[in-house]
Amino acid sequence: MASLSIEHLSTTFDHGRVKAVDDVSLDVPDGEFLVLLGASGSGKSTLMRTIAGLEQPSGGTIHIDGRLANEDPPRRRNIAMVFQSYALYPHKTVAKNIAFPLEAIRLPTNQIHEKVMWAAQLFGIDRLLHRRPRELSGGERQRVALARALVRTPSLFLMDEPLSNLDAKLRYSARRELKRLHQQIGITTLYVTHDQVEAMGLGQRVAVMNHGKIEQLGTPHEIYHEPANTFVAQFMGSPPMNLIPDGDWLLGFHAEDAWLPEGDMPAQHYSLPLEIQQIDYLGADALIYGVLAANRSDVILKLPERRAHGMAVGQSRNFCVPDALMRRFDSRTGLRART
Ligand SMILES: Nc1ncnc2c1ncn2[C@@H]1O[C@H](COP(=O)(O)OP(=O)(O)O)[C@@H](O)[C@H]1O
Ligand SMILES: [Mg+2]
């Protein structure tokens, strides 16, 4: 296991015209599970590939366990990487696929056998060792790829959207497995996804990326409740944070933080007189779409579904949000005001 420290790292393409990674600094302590979250094209894969030594940075440093790794070839970095496409060898059995990285370093046969069994048991695929990849389901193939990546006990584990090829239900159970795996072996992990639910569920910390830069790095709680700027506020949450223009500021609040008082407006609450335009019933919750009477800005609220009964399109209702949950952003810079 190892720590990872990146300072002012940049990676460019097209003779410097594309800044895929733009002056990124990041410290990942030993044993952490850190998620890089961003839309397609934000530079996540390039950052991973630069750390792995598959891309040459145009500037900055990469330290793995305190040692400068910039000049190390990928093999010497002792990094395991799993991609969206698992790239298993189709003609080799599962056992041979998992054993491949160990055979490449000429480990004695009995040790290879031991390690293959360890990795296969870890992922619950020890009954499939004699099969070939085409005889496996998508989820099983994904586990073989993970087992193969981990069998060399790397210092760092990099995963680039490893679950994107799985259907929603399998993704859910694979996520639970990855989390359990990390709790069990505690290997320092960098995990890339564009899926915010996956990021929040897996990451001890999450780095939100945009245009090659990190917009915010924090725990899932910090990223969600204390967004550093309007980009992060609008990227996280479903629906994303409401932003209401108010002079030089944007006032932000989460859809689920609004409620409907029975009588008078309570103290220390922000008042939201809303004209209801649409209601979506989603089982547990209902989404209320509306416009604010004062400035006609669009707002989406999320209520427990039972509380939305009796509301109808065309009605006006006075919702409110606790002052303590309102966030304020500079409308010019998008930066969060700290007061
Ligand atoms: N080999 C390459 N040559 C030129 N441009 C590239 C190359 N790889 C990535 N890019 C560009 O760098 C940016 C970041 O890409 P990438 O790291 O793949 O993003 P992500 O993984 O977040 O989707 C994109 O604009 C992409 O088009
Ligand atoms: Mg990518």
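We use all heavy atoms of the structure for the numbers below, so side chains are in, but hydrogens, waters and symmetry mates are not.
- Distance alone, capped at 3.5 Å, places no donor-acceptor pair between the Ser10 side chain and the Gly59 backbone.
- A side-chain N or O of Asp27 and one of Ser5 form a donor-acceptor pair less than 3.5 Å apart.
- Atoms CE and CG, from Met159 and Leu178 in turn, are 5.0 Å apart once rounded to the nearest 0.5 Å.
- Salt bridge annotation for Arg171-Asp195: present, with a cationic side-chain nitrogen under 4.0 angstrom from a carboxylate oxygen.
- Shortest non-hydrogen contact noted between Gly31 and Thr188 is N-OG1, 2.8 Å.
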For side chain to side chain donor-acceptor pair (under 3.5 Å), just list the numbers for Thr193 and Glu198, CA-CA rounded to whole Å, side-chain angles, deciding distance to a tenth of an Å, and then say yes or no.
CA-CA 7 Å; Thr193 182; Glu198 199 166 290; 3.3 Å; yes

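- Counting only distance, with no hydrogens or angles, the side chain of Thr189 and the backbone of Ile187 share a donor-acceptor pair below 3.5 Å.
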Would you check, one step at a time, whether the test side chain to side chain donor-acceptor pair (under 3.5 Å) holds for Ser155 with Asn78?
CA-CA 6 Å; Ser155 346; Asn78 196 23; 3.0 Å; yes

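- Remark: Leu4 CG to Glu32 CD distance equals 10.0 Å, nearest 0.5 Å.
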Is there a side chain to side chain contact (heavy atoms under 4.5 Å, CB included) between Phe13 and Glu55? Walk through the geometry before answering.
CA-CA 10 Å; Phe13 295 112; Glu55 304 287 353; 3.6 Å; yes

Should Met311 and Arg317 be marked as a side chain to side chain contact (heavy atoms under 4.5 Å, CB included) after you check the CA-CA gap, both sets of side-chain angles, and the distance that decides it?
CA-CA 9 Å; Met311 291 182 194; Arg317 295 289 182 98; 3.9 Å; yes

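- Taking all atoms of both residues into account, the shortest heavy-atom contact from Leu156 to Ala2 is CD2-O, 4.0 Å.
- Closest non-hydrogen pair, Ala199 versus Val206, comes out as O-CG2, 3.6 Å.
- Contact of the Asn97 side chain with the Pro133 side chain is registered, since non-hydrogen atoms from C-beta on lie closer than 4.5 Å.
- Note: Leu217 CG to Leu37 CG = 12.0 Å, rounded to the nearest 0.5 Å.
- Atoms NE2 and CD, from His194 and Glu161 in turn, are 5.5 Å apart once rounded to the nearest 0.5 Å.
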For residues 231-245, run the donor-acceptor check on the side chains, cut-off 3.5 Å, and write out each pair with its distance to 0.1 Å, sequence neighbours left out.
| unit_1 | atom_1 | unit_2 | atom_2 | d |
| --- | --- | --- | --- | --- |
| Gln234 | NE2 | Met241 | O | 2.9 |
| Asn242 | OD1 | Ile300 | N | 2.8 |
| Asn242 | ND2 | Ile300 | O | 2.8 |

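- Counting heavy atoms from C-beta on, the side chains of Ile279 and Tyr289 never come closer than 4.5 Å.
- With sequence neighbours left out, Glu114 forms a side chain to side chain contact (heavy atoms under 4.5 Å, CB included) with no residue at all.
- Tyr172 belongs to no multi-residue hydrophobic cluster, having no ILVMFWY side-chain contact under 4.5 Å with any other such residue.
- In this structure, Asp246 CG and Met326 CE are separated by 8.5 Å, a value rounded to the nearest 0.5 Å.
- Lys302 places no side-chain N or O within 3.5 Å of a backbone atom of Ala258 that could act as its donor or acceptor partner.
- A continuous path of Ile, Leu, Val, Met, Phe, Trp and Tyr side chains, each step under 4.5 Å between heavy atoms, connects Ile112 with Ile98, placing both in one hydrophobic cluster.
- Each salt bridge (Lys or Arg N to Asp or Glu O under 4.0 Å) pair with one or both residues in residues 141-154, not counting sequence neighbours, appears once here: Arg143-Glu177.
- Using cut-offs of 30° and 60° on the angle between ring planes, the pair Tyr89 and Phe100 is tilted.
- For the atom pair CG (Leu190) and CD1 (Ile51), the distance works out to 5.0 Å, reported to the nearest 0.5 Å.
- The backbone N or O of His91 sits less than 3.5 Å from a side-chain atom of Arg132, completing a donor-acceptor pair.
- Listed here is the closest heavy atom pair of Met209 and Leu47: SD-CD2, 4.0 Å.
- Taking the six-membered ring for Trp and the full ring otherwise, the centers of Tyr224 and His254 sit less than 6.0 Å from each other.
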Could you go step by step and tell me if Val82 and Leu158 meet the side chain to side chain contact (heavy atoms under 4.5 Å, CB included) rule?
CA-CA 6 Å; Val82 173; Leu158 308 185; over 6 Å; no

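- Checking Asp248 against Ser331 by side-chain atom types alone, no donor-acceptor pair falls below 3.5 Å.
- At a threshold of 4.5 Å between non-hydrogen side-chain atoms, the residues Leu325 and Phe253 do not count as touching.
- For Arg17, the salt bridge (Lys or Arg N to Asp or Glu O under 4.0 Å) criterion is met by Asp14, not counting sequence neighbours.
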Would Leu303 and Glu256 count as a side chain to side chain contact (heavy atoms under 4.5 Å, CB included) here? Give the steps.
CA-CA 6 Å; Leu303 305 180; Glu256 67 276 18; over 6 Å; no

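- Around CD of Glu71, the count of heavy atoms belonging to other residues, nucleotides or ligands within 6.0 Å does not exceed 12.
- Taken together through direct or relayed side-chain contacts under 4.5 Å among Ile, Leu, Val, Met, Phe, Trp and Tyr, Phe33 and Val28 form parts of separate hydrophobic clusters.
- Look at Asp72 and Arg67 and you find a salt bridge, because one of the NZ, NE, NH1 or NH2 atoms lies within 4.0 Å of a carboxylate O, short of that distance.
- Under a hydrophobic-cluster definition in which Ile, Leu, Val, Met, Phe, Trp and Tyr are linked whenever side-chain heavy atoms come within less than 4.5 Å, directly or via other members, Ile214 and Val35 are assigned to different clusters.
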Derivation of the side chain to side chain donor-acceptor pair (under 3.5 Å) call for Glu215 and Asn229:
CA-CA 8 Å; Glu215 294 273 353; Asn229 53 45; 2.9 Å; yes

Side-chain donor/acceptor pairs under 3.5 Å, residues 262-276, sequence neighbours excluded:
| unit_1 | atom_1 | unit_2 | atom_2 | d |
| --- | --- | --- | --- | --- |
| His269 | ND1 | Ala267 | O | 2.8 |
| His269 | NE2 | Trp259 | NE1 | 3.3 |
| Glu275 | OE1 | Arg296 | NH1 | 3.4 |

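- Using a 4.5 Å heavy-atom threshold, the side chains of Lys19 and Lys213 count as separate.
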Working note: Arg327 + Glu226, criterion salt bridge (Lys or Arg N to Asp or Glu O under 4.0 Å); need CA distance, chi angles, decisive distance, verdict.
CA-CA 8 Å; Arg327 301 288 175 258; Glu226 313 293 343; 3.4 Å; yes

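- Side-chain atoms of Leu150 and Leu181, non-hydrogen and from C-beta on, do get closer than 4.5 Å to each other.
- Using a 4.5 Å cut-off on side-chain heavy atoms (C-beta onward), Thr61 and Ile6 make no contact.
- Scanning all heavy atoms of the two residues, the minimum distance from Thr11 to Gln56 falls at CG2-O, 3.9 Å.
- Shortest non-hydrogen contact noted between Thr93 and His130 is CG2-O, 3.5 Å.
- Hydrophobic clustering keeps Val192 apart from Met200 (ILVMFWY residues linked when any side-chain heavy atoms are closer than 4.5 Å, directly or through intermediates).
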Begin with the C-alpha distance, continue with both residues' side-chain angles, and end with the deciding distance and a verdict on side chain to side chain donor-acceptor pair (under 3.5 Å) for Tyr191 and Asp160.
CA-CA 6 Å; Tyr191 184 101; Asp160 193 348; over 6 Å; no

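- His309 NE2: more than 12 foreign heavy atoms inside a 6.0 Å radius.
- One hydrophobic cluster holds both Ile62 and Met81 under the rule that ILVMFWY side chains link at heavy-atom gaps under 4.5 Å.
- Leu9 has its side chain within reach of Pro57: a pair of non-hydrogen atoms, C-beta onward, lies under 4.5 Å apart.
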